[in-house]
Amino acid sequence: MSMTEMNKPDTIRVMVAEDEPLIAWMLEDILSGMGLQVVGPFATVAEARSCVSSEPPELALLDVDLADGVVYPLADTLHAQQVPIIFHTGNTDKVDLKNRYGGAEVVPKPSNPKRLQIAVETARTLLKRA
């Protein structure tokens, strides 16, 4: 992302928490191609939590199973801060995630990039309304 894009007031900061390097790279590519500022990717819950403490994102794209455990403690923090969450995972019950994190989107792995873009655009629209 260019410095101009990063400094735009309407650029949304999206945290990516994904421990598989190829998937993380693909997500980063898709999001930056949408004009979003990617924060991360983070392979561990600990790394991502450190970022949230210093500079909370406006949107989060999270895998459930990271290198150091499940992402739920991070998701709980983000949800309490009213950060929209998109789960990008292949290991969890979609209904359970949506019940636990009201308003969260769940995009199952492997995902079609278009499906992911739609979920991000939906969250982006909600952020602009807030």
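This is a predicted model, so every value here is computed, not measured. Every heavy atom of this structure was used, including side-chain atoms; hydrogens, water molecules and symmetry mates were not. By convention here, the first residue in the shown sequence is residue 1.
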J.: Go through Val39 and Glu55 one step at a time and tell me if the side chain to side chain contact (heavy atoms under 4.5 Å, CB included) criterion holds.
T.: CA-CA 10 Å; Val39 181; Glu55 237 181 306; over 6 Å; no
J.: Can you list everything that forms a side chain to side chain contact (heavy atoms under 4.5 Å, CB included) with Pro57? Sequence neighbours excluded, please.
T.: Met15, Val52, Leu78, Val83
J.: How far apart are the closest heavy atoms of Arg13 and Cys51, and which atoms are they?
T.: NH2-SG, 4.4 Å
J.: Are the side chains of Glu18 and Glu28 in contact, using a 4.5 Å heavy-atom criterion?
T.: no
J.: What closest approach, in Å, do Asp19 and Ala43 show between heavy atoms, and which atom pair accounts for it?
T.: CB-O, 3.4 Å
J.: Do you know the tightest heavy-atom contact between Ala48 and Leu74?
T.: CB-CD2, 3.5 Å
J.: If I take atom OG from residue Ser111 and atom CD1 from residue Ile86, how far apart are they, to the nearest 0.5 angstrom?
T.: 10.5 Å
J.: Are Val14 and Phe87 co-members of a hydrophobic cluster defined by side-chain heavy atoms under 4.5 Å apart?
T.: no
J.: Excluding sequence neighbours, so at least two apart, what forms side chain to side chain contact (heavy atoms under 4.5 Å, CB included) with Ser50?
T.: none
J.: Is there a side-chain contact between Val70 and Asp65 (heavy atoms, below 4.5 Å)?
T.: yes
J.: Measure the shortest side-chain to side-chain distance between Phe42 and Asp63 over non-hydrogen atoms and say whether it is less than 4.5 angstrom.
T.: no
J.: Measure the CZ-OG distance between Arg49 and Ser53 for me, rounded to the nearest 0.5 Å.
T.: 7.5 Å
J.: Over 60° means perpendicular and under 30° means parallel, so tell me whether Tyr72 and Tyr101 are parallel, tilted or perpendicular.
T.: parallel
J.: For a quick test of reading the model, state the closest non-hydrogen atom pair linking Val45 to Gly69 and the distance between them.
T.: CG2-O, 4.0 Å
J.: Is there a side-chain contact between Thr89 and Val71, using heavy atoms and a 4.5 Å cut-off?
T.: no
J.: Count I, L, V, M, F, W, Y as connected when their side-chain heavy atoms are under 4.5 Å apart, and connections chain through other members. Are Ile85 and Leu61 then in the same cluster?
T.: no
J.: Between Leu116 and Leu27, is there a side-chain heavy-atom distance shorter than 4.5 Å?
T.: yes
J.: Check whether any side-chain heavy atom of Leu31 sits under 4.5 Å from a side-chain heavy atom of Val16, and report yes or no.
T.: yes
J.: Can you sort out the partners of Arg115 under side chain to side chain contact (heavy atoms under 4.5 Å, CB included), two or more places apart, ordered by chain and number?
T.: Glu105, Val107, Asn112, Ala119
J.: Could you grab the distance from atom OG1 of Thr11 to atom CG of Leu36, nearest 0.5 Å is fine?
T.: 8.0 Å
J.: Given side chains that start at C-beta, do those of Val64 and Leu97 come closer than 4.5 Å, heavy atoms only?
T.: yes
J.: Gln81 and Pro56: which non-hydrogen atoms are nearest, and at how many Å?
T.: OE1-CB, 3.8 Å
J.: With no hydrogens and no angle check, is any side-chain donor or acceptor of Glu20 less than 3.5 Å from a backbone partner on Leu22?
T.: no
J.: Which residue, Leu62, Val106, Ile23, forms the side-chain contact (heavy atoms from CB on, under 4.5 Å) with His88?
T.: Ile23
J.: Sub-3.5 Å donor-acceptor pair from the side chain of Arg124 to the main-chain atoms of Ile12, do we have one?
T.: no
